[in-house]
Amino acid sequence: MSAETSAASPAVALPRHRPDWLLPLLVLGPAAAGIIIAIIVTPTFLTSSNILAVVRNASTIGIVAVAMTPMTLSGNFVSLGIAQTAMASMVSFVALLGSGWNQALAIIVVLIGTIAVGGFQGAVVGAGFNPVITTMAAGAIIFGVVSEITRGQIVNVNEHGASWGGGDIGGVPIVVIVFVVFTAIVTLVMSRTVIGRQTILVGANRATAETSGISFARVTVVAFVIFSIGIAIVGILEGAAFGEANAMSFANLTISVIAALLVGGTAISGGQGSPLRSAAGALLISVISNMMVLNDFTPGGRLAVQGAVVAAAVVILDMFRRRGLRR
Amino acid sequence: MKVSYFDRVRPYALPIVALAITWIVISLITPTFRGEASVYSVLEGFSLVGLVALGLAFTLIAGEFDLSVGSMTALAAIITVLTSEAGLAGCILIATACGVVFGALQGFVIGWLGISSLVFTIGTLIMLRGLTYIFSGHAPIIIENFEITDPMLLRFSIFSVSSIIALVVFVAAALFLAYTRWGREIYALGGARNEAIAAGVPRVRTITISFAISAGCASLAGALAATRGGSAAPQNYDDLLLRGAAACLLGGISLYGGRGTVLNVAFGVAILSVVVSGLAARGTSASLVQLVTGALLLTVIATEYLAGRLTLRKSGGSRRPGRTRRMAGAGG
């Protein structure tokens with residue numbers, strides 16, 4: 001925070017003198033160019049099975065990244081308990097199916113349970129607690145509870161087979177359809193509803209928002225509920241695809257989702273960004289990691305590059321925002 | 001202005017009471033957690049979680065947040081094992097120096113660009129973890145010449161070599177924060193950033209120093225752990241950030257910057273260490289320990305929040321706490 005910009009704290013809304021689409025274009029443009037070059041040097045990328053794998057992976061990350069965008073937009077940073085919450089949804093869904101529950105009933109119960117856990121965290125954060133610490137602590141508690149209950153064992157659906165999570169409708173994987181529909185819904189909610197606009201205003205300038213009568217607590221709870229719905233969807237889809245789960249499922253999800261959100265260009269301080277950008281970020285992150293797999297990068301190498309991409313994207317986006325403010 | 005003895009002790013009252021209660025409760029319910037052995041294991045906590053929490057406290061006091069400490073510790077442990085040819089002191093120093101240099105670089109970028117440290121360190125958290133896997137060749141590695149780590153196994157009643165080193169670092173850090181100009185500047189920047197900058201506190205230098213110390217402490221913790229165990233694994237220390245942050249907040253370091261001392265960190269580490277080693281003495285699983293740590297962390301932020309509310313109400317302030325305060329690491 002430099003002296004000249006901090007006077008306008010906590011955060012300044014959209015820069016005035018240039019169009020809103022310029023910023024994402026400046027990031028996604030070079031990224032797209034890089035991907036095209038990478039595709040040319042990596043011929044195996046364009047095989048249909050590989051593209052399907054990339055899109056599937058992007059959809060899983062994307063659903064959560066899109067779901068988390070309202071949270072970040074409202075100025076509540078990111079959740080550090082993503083992987084644990086998704087794992088808990090997946091494990092409980094699989095366990096419910098395994099004990100002979102009806103699928104629809106299991107879906108509803110898992111959805112309600114995940115929303116309750118997330119909504120509670122939202123209420124805590126809405127009361128004024130630090131979101132990073134709250135979600136990190138909640139993640140640790142969720143992981144501890146699930147590990148204790150499952151005793152570190154793998155939970156599976158037994159004879160009550162369920163494999164529709166990995167299926168497709170007319171050649172398009174279900175997870176991709178869900179991703180597209182979910183992104184469209186969240187985008188509409190953020191741009192066309194009162195609560196959506198309130199969320200962005202709270203993130204852009206909390207003091208102004210509260211003075212004009214917008215409840216920070218309410219906005220925060222709604223953002224956490226949207227986040228929980230996304231998490232539950234991913235947990236259920238993965239559970240229905242694999243039929244088994246344990247406490248270590250989704251180990252890398254937190255990192256990928258935060259990376260997608262940040263690379264997509266949603267400002268961490270709130271008020272700037274959109275679910276659509278997070279979806280694009282998820283696609284970008286998946287393409288990059290797939291490209292590295294095809295080019296025989298080790299898992300460590302992939303992590304290192306992913307981290308460097310996040311750090312670089314954050315720095316570049318921040319510099320552009322700052323320049324926009326100085327003008 | 002003379003500060004009375006009571007005012008000086010007051011910030012530590014809550015942690016002291018918490019430490020006393022946890023110690024009594026844990027030792028009552030755990031017969032194996034009593035006497036010299038229990039003090040020894042609590043002090044051992046200072047050499048891993050303690051050092052990480054100490055480093056984290058420097059960034060928290062400066063009003064920033066270093067999320068990369070867990071990965072830094074893992075990387076330093078790998079570097080220590082890889083450079084073990086340099087001897088015991090040599091490899092610990094090399095690993096710590098690498099950490100300090102990386103931390104200074106990271107702090108310089110954050111301070112110079114004025115970027116949110118919370119976001120930037122998420123990037124480096126991922127990157128450092130990747131480097132850890134690359135350097136270790138994706139598998140646990142051991143110190144081949146195991147004789148050089150022998151001194152680490154010495155024990156002097158309640159102290160080990162690593163807990164002595166950790167305590168020395170704690171004392172040095174306390175003196176640095178309390179009595180040096182650079183130390184006071186860290187408080188100034190975290191307490192009231194705009195005012196501090198207006199008064200001439202150099203932002204870039206101060207943030208660089210706090211991140212260098214943060215990564216340095218995390219690296220030293222990793223180096224000590226690697227030499228104690230004679231090995232290092234790339235997937236280690238995933239939950240160290242949680243434990244370090246829990247220790248800081250348990251002891252009374254403020255999340256909003258500018259508040260807390262090294263003594264606060266020490267009390268926090270002691271409380272967490274009593275709980276964790278007490279549970280370990282009962283044979284509790286690692287995941288349950290993580291559960292308890294998370295629950296402690298939530299209790300602590302709830303207490304801090306409610307205490308802040310009560311003080312404001314008493315002083316007649318209508319402003320609600322946590323509403324307009326800038327959270328650590330939020331940046332521009």
Name the region of [X], side chain, backbone, both or neither, that has any atom closer than 4.5 Å to a heavy atom of chain A.
{"X": "B/Ala198", "result": "neither"}
{"X": "B/Ala295", "result": "both"}
{"X": "B/Leu128", "result": "neither"}

Answer whether the closest heavy-atom distance between the side chains of A/Phe216 and A/Thr220 falls below 4.5 Å.
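In short, these two side chains touch, coming nearer than 4.5 Å.
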
Do the side chains of A/Asn246 and A/Gln153 get nearer than 4.5 Å, heavy atoms only?
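No - every pair of side-chain heavy atoms lies 4.5 Å or more apart.
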
Do B/Arg193 side-chain atoms and B/Ala188 backbone N/O form a donor-acceptor pair below 3.5 Å?
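Such a contact is absent between B/Arg193 side chain and B/Ala188 backbone.
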
For A/Phe297, is there any backbone N or O sitting under 3.5 Å from a side-chain donor or acceptor partner on A/Asn295?
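Not a single qualifying donor-acceptor pair exists.
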
Part of [X] within contact of chain B (heavy atom distance under 4.5 Å):
{"X": "A/Leu262", "result": "side chain"}
{"X": "A/Ile258", "result": "side chain"}
{"X": "A/Val309", "result": "neither"}

Tell me which of these, B/Gly294, B/Ser136, B/Ser285, B/Ala286, has more heavy-atom pairs under 4.5 Å with chain A than the rest.
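Option with the top pair count is B/Gly294.
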
Chain A interface, residue from B/Leu298, B/Leu242, B/Val292, B/Thr124 that has the most non-hydrogen pairs under 4.5 Å:
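The answer is B/Leu242.
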
Taking atom types as modelled, is there a side-chain donor on A/Ser89 or A/Thr114 under 3.5 Å from an acceptor on the other?
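Present: a donor and an acceptor within the cut-off.
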
Can you tell me which of A/Val78, A/Val305, A/Ile255 forms the most heavy-atom pairs within a distance under 4.5 Å of chain B?
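So the answer, after comparing A/Val78, A/Val305, A/Ile255, is A/Ile255.
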
Select, from A/Ala304, A/Ala311, A/Ala267, the one with the greatest count of heavy-atom pairs under 4.5 Å involving chain B.
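Among A/Ala304, A/Ala311, A/Ala267, the one with the most close pairs to chain B is A/Ala304.
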
Applying the side chain to side chain contact (heavy atoms under 4.5 Å, CB included) test to B/Ser71, which of B/Ile126, B/Leu125, B/Thr121 qualifies?
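By the side chain to side chain contact (heavy atoms under 4.5 Å, CB included) criterion, B/Ser71 pairs with just one of B/Ile126, B/Leu125, B/Thr121: B/Leu125.
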
In this structure, which one of B/Val275, B/Leu296, B/Leu297 forms a side chain to side chain contact (heavy atoms under 4.5 Å, CB included) with B/Leu250?
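Going through B/Val275, B/Leu296, B/Leu297 one by one, the side chain to side chain contact (heavy atoms under 4.5 Å, CB included) with B/Leu250 is satisfied by B/Leu296 alone.
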
